[in-house]
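Below you'll find the structure, written out as C-alpha cells, and then a few comments.
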Protein chains: 2
Amino acid sequence: MQEIVPKFESIFTVDCVVFGFDEGELKVLLIERNEEDYTGWWALPGYYVQQDEGLDPAAERILYELTGLRDIYMEQFYAFGDVDRHPQGRVITVAYFAMIRLNPLKELKPVINYARKAFWHPINDLPKLAFDHTQIFEKSLEKIRRKISYQPIAFELLPEKFTLTQLQHLYELILNKKLDKRNFRKKMLNYGILKELDEKQRGVSYRAATLYKFDRRKYARLFQKELSFSK
Amino acid sequence: MQEIVPKFESIFTVDCVVFGFDEGELKVLLIERNEEDYTGWWALPGYYVQQDEGLDPAAERILYELTGLRDIYMEQFYAFGDVDRHPQGRVITVAYFAMIRLNPLKELKPVINYARKAFWHPINDLPKLAFDHTQIFEKSLEKIRRKISYQPIAFELLPEKFTLTQLQHLYELILNKKLDKRNFRKKMLNYGILKELDEKQRGVSYRAATLYKFDRRKYARLFQKELSFSK
DNA sequence: CCAAAAGTGTTTGTCATACACCCATGA
DNA sequence: TCATGGGTGTATGACAAACACTTTTGG
C-alpha cells in the first residue's frame with residue numbers, strides 16, 4: 001500500500017481581533033485593505049506569517065505593522081481553514097484576540113502599506129468584513145464572553161483608574177445584559193482585587209464617584225482561582 | 001513603500017487527541033509511525049490536510065485512515081506552529097480532540113501504511129511522543145479538564161449503561177482528584193440528565209449497582225445551560 | 001459471616017438574587 | 001432646587017461541602 005494522501009503546501013496567515021472600550025462602546029480594531037482581493041474593504045488586521053517565525057510572534061508583528069500597536073498580549077483562539085475562505089486559494093488563518101486599553105488620542109498608523117488605515121469601530125454596527133472575518137469576529141466574541149465569566153479580563157479594557165459604574169457598564173456590554181448595581185459592587189469588592197483610591201472623579205455634574213485600580217498582585221495571588229459571572 | 005513580508009508556503013497537518021476509558025483508566029489513542037522522522041516512534045494520529053479539504057473533514061478522514069475509527073465528533077482546540085516543531089521544515093498543525101466510547105474488542109486498523117499500528121495507551125504512563133505531540137497532548141488535557149466542568153462530556157467515554165460509581169471514577173480520573181460520593185450523586189441526579197434503568201449490574205460479588213443511561217433529550221433541553229463541577 | 005461496594009440525609013456556610021431609597025454634586 | 005448618577009443592606013433560596021453508617025450480594 002502506498003501513501004494516498006499527497007502533501008500540499010498552503011499559505012497561512014494570522015488575524016487579530018483587538019477589542020477596545022471607548023465612549024461607552026465596545027470597539028474592534030479594523031483596517032482598510034490596500035491589497036488585491038477585497039481592496040478597500042474593512043478587515044481584521046491580519047497578514048502572512050514568515051518562514052522562520054512562530055505563530056505568537058507573528059501575531060505581534062503583524063498587529064504592529066498594520067496598526068502601530070505594540071506589546072499587546074494576544075491569545076490564540078481558533079484556526080480557520082475553509083477551502084474557499086480566500087479567493088487566492090487555500091489560505092489557513094490562525095486567529096488571535098486581545099483586549100486593550102484604548103487610547104483615543106493615539107493615532108493608529110499602519111507601518112506597511114498593506115493597510116490604508118487602521119481604526120476603531122463599534123462592534124454593534126459592523127458591516128460585512130473581508131474574507132470570513134465576520135465569522136472570525138463572531139467566534140472571538142463568544143470566546144471573550146465565556147472568558148470574562150471566569151477571569152477579570154475586563155480590566156484590560158479600562159483606563160488605569162476607573163469607577164465601579166464604568167466597570168459594570170463594561171461587563172454589561174460584553175455580556176449583553178443588565179447587572180444589578182448592588183450585587184455587582186458587592187461581588188467585585190469581595191474578590192479583593194480592586195484597590196480603592198483616595199481620588200474621585202472630576203468634572204462631572206453629579207456626585208463624583210470613587211476611583212479604583214485593578215490590583216494585579218492580589219489577583220496573581222488568587223492564582224488561577226476563577227471568578228464567575230453568570231448574572 | 002513596498003510589501004516587506006514575503007508570503008511563504010507551509011505544509012500543514014491535523015493531529016487528533018482521542019480519549020477513551022477502559023479498565024478503569026483514561027487512555028489516549030496513539031499510532032506507531034511508519035514514516036521518516038521519528039520512524040517507529042509513538043505519536044498522535046495526524047497527517048497532511050488535502051488541498052480541497054476543510055480542517056474538520058480532514059480531521060475525520062485522517063483519524064479514520066490511521067485508526068479505522070469513523071464518525072467521531074472532534075473539536076478543534078489549538079494550532080501549533082513553532083518554527084522547529086518538525087524536522088522537515090515548517091509544518092503547522094491544527095489539533096483536535098475527542099472523547100469516545102472505547103470498545104476494547106474492536107481492532108484498530110490503520111487504513112494507510114503511514115501507521116504501523118494504532119493502539120490505546122494509558123495517559124498516566126506516556127513515553128515521549130514524536131514531534132511536539134507530548135505538548136499537544138498536555139494542552140488537550142487542560143482543555144478537557146476545563147470542559148468537563150461545564151459540560152457533561154464524560155458520558156461520551158462510558159458504555160451506554162453505566163453505574164454512578166463508574167461515572168464518578170471517570171470524573172475523578174479526569175479532574176485528578178477525589179470527589180465525595182454523596183455529593184456527587186446528589187448533584188448528578190439533580191441535573192436530571194440521567195435515566196435510571198430497571199437493570200442492575202451483573203456478575204459482581206457485591207451488591208449490584210443500578211444502571212443509568214445518559215438522557216440526551218433532557219440534556220438538549222437544558223440548552224447550553226452549563227453544569228459546573230469544582231469539587 | 002466476611003469482603004466489597006451500594007446507597008442514603010443533614011447541617012453548615014457561602015454566594016446569587018431580588019429589591020428601593022437617600023446622598024452628593026454641579027448647573 | 002433639580003437632575004444625575006453614587007452609594008448602600010437585608011432577606012431568601014440554591015447550592016457546595018463536610019461527614020458515617022446501613023444495606024445488599026456473592027463467595
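Residue numbers start from 1 in every chain, and the chains themselves are labelled A, B, ... in the order their sequence lines are given, proteins ahead of strands. Keep in mind that what you see is a predicted model, and the values were worked out from it rather than measured.
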In whole angstroms, how far is the [atom2] atom of [N] from the [atom1] atom of [X]?
X: B:Lys181; N: D:dA17; atom1: NZ; atom2: C1'; result: 17 Å
X: B:Asn183; N: C:dG7; atom1: CG; atom2: C1'; result: 14 Å
X: B:Leu179; N: C:dA6; atom1: CG; atom2: C1'; result: 17 Å
X: B:Arg202; N: D:dG27; atom1: CZ; atom2: P; result: 13 Å
X: A:Leu211; N: D:dG7; atom1: CG; atom2: C1'; result: 14 Å
X: B:Leu167; N: C:dA5; atom1: CG; atom2: P; result: 18 Å
X: B:Gln168; N: C:dT8; atom1: CD; atom2: P; result: 14 Å
X: B:Phe184; N: C:dG9; atom1: CZ; atom2: P; result: 18 Å

Donor-acceptor pair under 3.5 Å: do we get one between [X]'s side chain and the base of [N]?
X: A:Lys186; N: D:dT10; value: yes
X: B:Asp180; N: D:dA16; value: no
X: A:Lys187; N: C:dA16; value: no

Would you call A:Lys161 and A:Glu199 a salt bridge, using N to O less than 4.0 angstrom? yes
Between B:Phe21 and B:Phe19, does the ring centre distance come in under 6.0 Å? no
Whether A:Phe131 and A:His133 hold their rings parallel, tilted or perpendicular, with breakpoints at 30° and 60°: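 The rings of A:Phe131 and A:His133 sit tilted, inter-plane angle from 30° to 60°.
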Plane angle bin for A:Phe155 and A:Phe162 - parallel if under 30°, tilted between 30 and 60°, otherwise perpendicular: tilted
Comparing A:Ala208 and B:Gln201 on DNA chain C - which has the more 5′ nearest nucleotide: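 The residue closer to the strand's 5' end, by nearest nucleotide, is B:Gln201.
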Please work out if A:Thr165 contacts a base, only the sugar-phosphate, or nothing of the nucleic acid, heavy-atom cut-off 4.0 Å.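 The answer is sugar-phosphate, as A:Thr165 gets under 4.0 Å only of primed atoms, P, OP1 or OP2.
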Between D:dG7, C:dC19, C:dT8, spot the one nearest the side chain of B:Arg185, thanks.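 The closest nucleotide is C:dT8.
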Closest to the side chain of A:Ala209, out of D:dG7, C:dT8, C:dA4, is D:dG7
Closest-nucleotide 5' rank along DNA chain D - winner of B:Tyr206 and A:Thr210: A:Thr210
N or O in side chain of [X] less than 4.0 angstrom from [N] OP1/OP2:
X: B:Ser205; N: C:dA5; result: no
X: B:Arg207; N: C:dG7; result: no
X: B:Arg182; N: D:dA18; result: no

So, B:Asp71 and B:Tyr64: side-chain donor and acceptor under 3.5 Å apart, yes or no? no
